There are 4 protein chains.
Amino acid sequence: MVVAASEQLRIVQDEDNSKRRQILDGARKVFMDLGFDGASMGEIARAAQVSKGTLYVYFADKCALFEAIVEQEALQHGQVVFSFDPDREAESTLKEFGLAYLHLVCRPGGGSAIRTVMAIAERMPDVGRRYYARVLDKSINRLSAYLKARVASGDLSIDDCDLAASQFMELCKASLFLPFVFQAEPAPSEQRMSAVVESATRMFLAAYKAR
Amino acid sequence: MVVAASEQLRIVQDEDNSKRRQILDGARKVFMDLGFDGASMGEIARAAQVSKGTLYVYFADKCALFEAIVEQEALQHGQVVFSFDPDREAESTLKEFGLAYLHLVCRPGGGSAIRTVMAIAERMPDVGRRYYARVLDKSINRLSAYLKARVASGDLSIDDCDLAASQFMELCKASLFLPFVFQAEPAPSEQRMSAVVESATRMFLAAYKAR
Amino acid sequence: MVVAASEQLRIVQDEDNSKRRQILDGARKVFMDLGFDGASMGEIARAAQVSKGTLYVYFADKCALFEAIVEQEALQHGQVVFSFDPDREAESTLKEFGLAYLHLVCRPGGGSAIRTVMAIAERMPDVGRRYYARVLDKSINRLSAYLKARVASGDLSIDDCDLAASQFMELCKASLFLPFVFQAEPAPSEQRMSAVVESATRMFLAAYKAR
Amino acid sequence: MVVAASEQLRIVQDEDNSKRRQILDGARKVFMDLGFDGASMGEIARAAQVSKGTLYVYFADKCALFEAIVEQEALQHGQVVFSFDPDREAESTLKEFGLAYLHLVCRPGGGSAIRTVMAIAERMPDVGRRYYARVLDKSINRLSAYLKARVASGDLSIDDCDLAASQFMELCKASLFLPFVFQAEPAPSEQRMSAVVESATRMFLAAYKAR
DNA sequence: TATGAATGAGGGTTCATTCAT
DNA sequence: TATGAATGAACCCTCATTCAT
C-alpha cells in the first residue's frame with residue numbers, strides 16, 4: 001500500500017510531465033513548421049491533443065511556450081555538441097565533429113529550429129541570443145579549445161583559434177546549408193555530407209597544419 | 001490622335017508603374033522589418049502612402065505582394081553580385097568579391113531579406129527557392145565560372161569548383177554572419193569584415209593555389 | 001452638379017455620424033443594461049446592427065467606447081439641469097428643479113447611467129469623477145448659486161449654500177431613488193414624485209426661509 | 001455510540017461551517033472589491049485559501065456564492081441598524097442614528113456592498129430587492145416606528161413617517177455619499193460627517209418639531 | 001483608378017465549471 | 001470532502017479582404 005501511494009505520486013508526476021511534454025512536443029512541431037507568428041495556439045492545442053485552455057495551465061502565454069520550446073531545442077542541440085579529446089589528432093576529430101554539426105543544422109527539425117529562431121531574432125532578441133550562445137557559440141568555443149590544445153602540442157599553427165573554429169564550421173556547410181534552408185534542395189545525403197566535410201577538413205588542414 | 005492615344009497609354013503606364021513602385025517600396029521596408037506575418041496590409045499601406053484598397057488594385061493579395069517584393073530584392077541583390085574578370089588574379093578578386101558578399105548578407109539596419117525569405121521558406125517553398133537561385137546560386141555560379149577560368153589558366157588547382165565557390169563564400173561569413181542574424185552581435189565593422197575576408201582568402205589559396 | 005457634390009459630402013458626413021450614433025445608441029443600451037463587464041462587444045455590435053470590426057473603426061477599444069457613452073450621457077444629463085432665474089421666488093423654483101432632477105435620476109436610462117457609472121467608478125475613477133462633475137456637481141453648483149442669490153436678496157437664510165443645495169437634492173430622492181435603483185420598486189409615478197418634491201420643498205423652506 | 005454519532009455530526013457541521021465561512025470571507029472581499037463580473041472564482045479561491053473545486057462543494061455556482069455573500073452582508077448591515085428607544089428624545093437619537101447610517105454607506109476602503117449590489121441589481125433584481133429590504137427598508141421602518149412613537153408622544157408632528165424617515169436618511173448623505181461613490185472625493189472625515197448629520201437633524205426638526 | 005468604411009473569420013487569452021483522484 | 005488539472009465557450013481585438021462610391 002505504501003508502494004501504491006508512492007506509485008501514485010510517480011504516476012501523477014509522470015502524467016504531469018507527460019502532459020507538459022505532450023504540449024511541448026505538439027508545439028515544437030507547429031512552431032518549427034509555421035514559425036512563431038504562423039503558429040496558432042489552436043493548432044498547437046490540436047497537435048498536442050489538449051484543449052486550448054490547457055496550454056495556459058502550463059505556459060503563461062504563447063511567447064512563454066515558444067521560449068520553452070527554443071530553450072528545449074537549445075539544450076538538446078547543445079548536447080549534440082561533440083566532446084573533444086585534446087590528445088586526438090586533428091583530421092579524424094574534425095571530420096567527426098563536422099559531420100555531427102552538419103547533422104544538427106541540415107536535418108529536418110534541426111534546420112527548422114535554426115530557421116525559426118533566426119526568423120524571430122529581430123523581434124525577440126533574447127531568444128535569438130540565447131539560442132546562439134547555447135548551441136552555436138558553445139560549439140565554436142569547444143572546437144576552439146580543442147584547436148588551442150593542438151596548437152600547443154605543435155600539431156597546428158593558428159593565430160585566431162576562435163575564427164578558425166568558426167571557419168571550419170562554415171566550411172562544413174558549404175553547398176549544403178543554404179540550399180537546404182531555402183528549400184532549394186532536400187536535406188543532403190550522408191554521402192554528400194561526408195564528401196563536403198572531407199573537403200572542409202582538407203582545406204582547413206592545408207591552411208593551419210603546422211609545417 | 002494615334003500619337004495622343006499612345007502618349008496617354010505611356011502616361012497611364014508611368015503612373016501605374018510609379019504607384020506600383022511606391023507600393024513596392026513601402027512594402028519592402030515593412031516586410032523586411034517585420035517578416036511576412038508580422039507585416040500588416042494596413043501598415044504597408046501607410047508606409048506606401050496609399051490606401052489599403054489600392055494595394056489590391058496592383059496585387060491580388062498579401063502573398064502576391066510579398067512575392068513581388070522578394071522578386072525585386074532578388075533582382076537587386078543578384079545585380080550586386082560581383083562581375084568577375086577571368087583574367088584578373090585570384091587574391092584581390094576574391095577579397096573584393098568576399099567583401100561585397102559580406103555586405104549583402106550582413107547589411108546593418110534590421111530588415112534583412114535573407115532572414116525574411118529564410119523564415120518563410122518552409123511555408124512558401126517557391127519563394128525561398130527562387131530567391132536562392134537568383135541571388136546565392138547565381139553568385140556561386142559566377143564565382144565558380146571565374147575559378148574554372150583560373151584553373152584553366154593554371155593559376156588554381158580545384159577539383160570541384162562549385163563546391164570551392166561555396167566554400168569561399170561560407171568562409172567569408174565565419175564568425176560574422178551567425179552572431180549577426182541571431183542578434184548576438186551587432187553588424188560587423190568594415191575592419192572586422194576585411195580581416196575575415198583576408199583570412200578566408202588566405203585559407204582558400206592555401207588549399208587551392210596551384211603549386 | 002455643384003449642389004450634388006456638396007449634397008454627397010453632407011450625406012457622407014451624415015452617414016458617418018449616423019454610423020457612429022448607431023454604435024453609440026446600441027452600446028448605450030447594452031452598457032446601461034448589463035454594466036461595463038456584463039456587456040460584450042459582440043452584443044453591442046448586434047444591438048448597433050454593425051459588425052464587431054466596425055466598432056473598432058470608430059472606437060479604439062471597449063473602454064473608449066464606454067467612456068464615449070458616459071461622456072455623452074453626462075452631456076445630455078448635464079443639459080437637463082435646470083436654468084435658474086435668481087429673481088424668481090424659491091418655492092416654485094425649487095419644485096420645478098426638484099422634479100427635473102428626479103426625472104433625471106429615477107427614469108430608466110437616467111437611473112441606469114448613474115448605476116452603471118457608480119458601479120465602475122472604483123476601477124475607472126476618472127470616468128466616475130467626470131460624470132459626477134458634469135452632472136451632479138454641476139447641478140449642485142447651479143442650485144447653490146441660486147440659493148446664494150436668494151440669501152443675498154433676504155429671501156433665504158443659509159450658512160452653507162453648497163450643503164443646502166445638496167440637501168435639497170437628496171431630499172427629493174427620499175423614498176424614491178433607492179428603491180428604484182435596487183429594483184425594489186418600479187420607477188415612481190409623476191404623482192408620487194410631485195408629492196415627494198412638495199414635501200422636500202416644504203422641509204427645505206421650513207429650515208432655510210428667512211424669518 | 002449514539003453520542004459518538006451526533007458528536008461526529010457536530011464536528012462535521014462545524015468543519016463544514018468553518019470551511020463555508022472561510023469561503024464566504026474570502027469571497028466577500030473579492031466581490032466587494034471587484035464587483036460580480038470583475039471577481040473570478042480563481043481569485044476567490046485564492047483569497048479563501050481553498051481550491052477552486054471546493055467552492056463548488058459549498059455553492060452551486062458563482063451566482064449562488066454571490067447571493068450568499070450579499071445575504072450575509074445584508075444580515076450584518078441590518079444588525080448595524082440603530083436600536084431605537086421610543087422614549088428617548090429626538091435630537092440626540094437622530095444624530096446617533098444618522099452617524100451610524102453614514103458609516104454604513106460611506107465606509108472607507110474600497111469594497112462597498114451598496115455599490116456592488118446596486119451595480120448588479122438590474123441583472124439580478126432579486127438580489128437587489130432583498131438587500132434593499134433587509135438593510136435600507138428595515139432601517140427606514142425602524143426609524144419610522146420611532147418617529148411614530150414620538151408623534152404619539154406629542155414630540156413631533158409628522159404626516160408621513162415613512163417618508164420622513166427616508167428624508168432624514170437622505171439628508172444625512174448630503175454632500176457626502178455621491179462624491180464618495182463616484183470617487184470624486186475620498187471617504188469623508190468623522191468631523192465632516194458629524195457636521196452634516198448635525199445640519200440634517202436641525203433641518204429635520206425645523207420641519208417636524210411639534211409646535 | 002483610388003478610396004477607406006465595413007466586414008467576419010480567426011487570433012490569443014480568460015474563466016466558470018467539471019471530474020478523476 | 002477536497003483537490004487542481006482539464007476543458008471549451010466566450011471574451012476582446014486584429015486584419016486581410018471587399019465594395020460602394
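Here the structure is a predicted model, which is why all the values come from computation and not from measurement. Quick note on labels: first sequence line is chain A, next is B, and so on, each numbered from 1.
- As a whole-Å value, the separation of A:Q22 CD from F:dA6 C1' is 12 Å.
- D:F31 places its CZ atom 8 Å from the P atom of E:dA16, with the value rounded to the nearest Å.
- Across all strands shown, E:dG10 forms a Watson-Crick or G-U wobble pair, both distances under 3.5 Å, with F:dC13.
- The base-pairing partner of E:dG4, taking Watson-Crick or G-U wobble contacts with both distances under 3.5 Å, is F:dC19.
- The nearest whole Å value for the distance from the OH atom in A:Y56 to the P atom in F:dG8 is 16 Å.
- As a whole-Å value, the separation of D:F59 CZ from E:dT17 P is 13 Å.
- The separation between D:K52 atom NZ and E:dC19 atom P is 15 Å, rounded to whole Å.
- A donor-acceptor pair is defined here as one N or O able to donate and one able to accept, closer than 3.5 Å; such a pair exists between the side chain of C:Q22 and the backbone of C:A48.
- Between the B:K19 side chain and the B:Y58 main chain, no donor and acceptor come within less than 3.5 Å of each other.
- For D:R123 and D:D37, the salt-bridge test passes: some basic side-chain N is under 4.0 Å from an acidic carboxylate O.
- Residue D:S51 has a polar side-chain atom (N or O) positioned under 4.0 Å from OP1 or OP2 of F:dT3.
- One can place CG of B:L65 at 11 Å from P of F:dA16, the figure rounded to the nearest angstrom.
- Atom OH in A:Y58 sits roughly 12 Å away from atom C1' in F:dT7 (whole-Å rounding).
- Atom pair B:F66:CZ and F:dT17:C1' shows a separation of 19 Å (rounding to whole Å applied).
- Between A:T54 and C:T54, the one whose closest nucleotide on DNA chain E sits nearer the 5' end is C:T54.
- Residues D:D61 and A:C63 both approach DNA chain E. Their nearest nucleotides, taken by heavy-atom distance, put A:C63 toward the 5′ side.
- Checking B:A39 against D:Q49, the closest nucleotide of DNA chain F that is more toward the 5' end is the one next to D:Q49.
- In the interface, the side chain of B:K19 is not paired with the base of E:dT1 through any donor and acceptor atom under 3.5 Å apart.
- By the 30° and 60° cut-offs, the orientation of the rings of A:F36 relative to A:F31 is parallel.
- Within the 4.0 angstrom heavy-atom criterion, only backbone atoms of the sugar-phosphate kind lie near D:S40; the bases stay farther away.
- Along DNA chain F, the nucleotide closest to A:V50 and the one closest to C:E43 are compared, and the more 5′ of them pairs with A:V50.
- Candidate nucleotides F:dA5, E:dT3, F:dC12 were compared by shortest atom distance to the side chain of B:V57, and E:dT3 ranks first.
- A salt bridge does not link A:D25 to A:K29: none of the charged side-chain nitrogens sits closer than 4.0 Å to a carboxylate oxygen.
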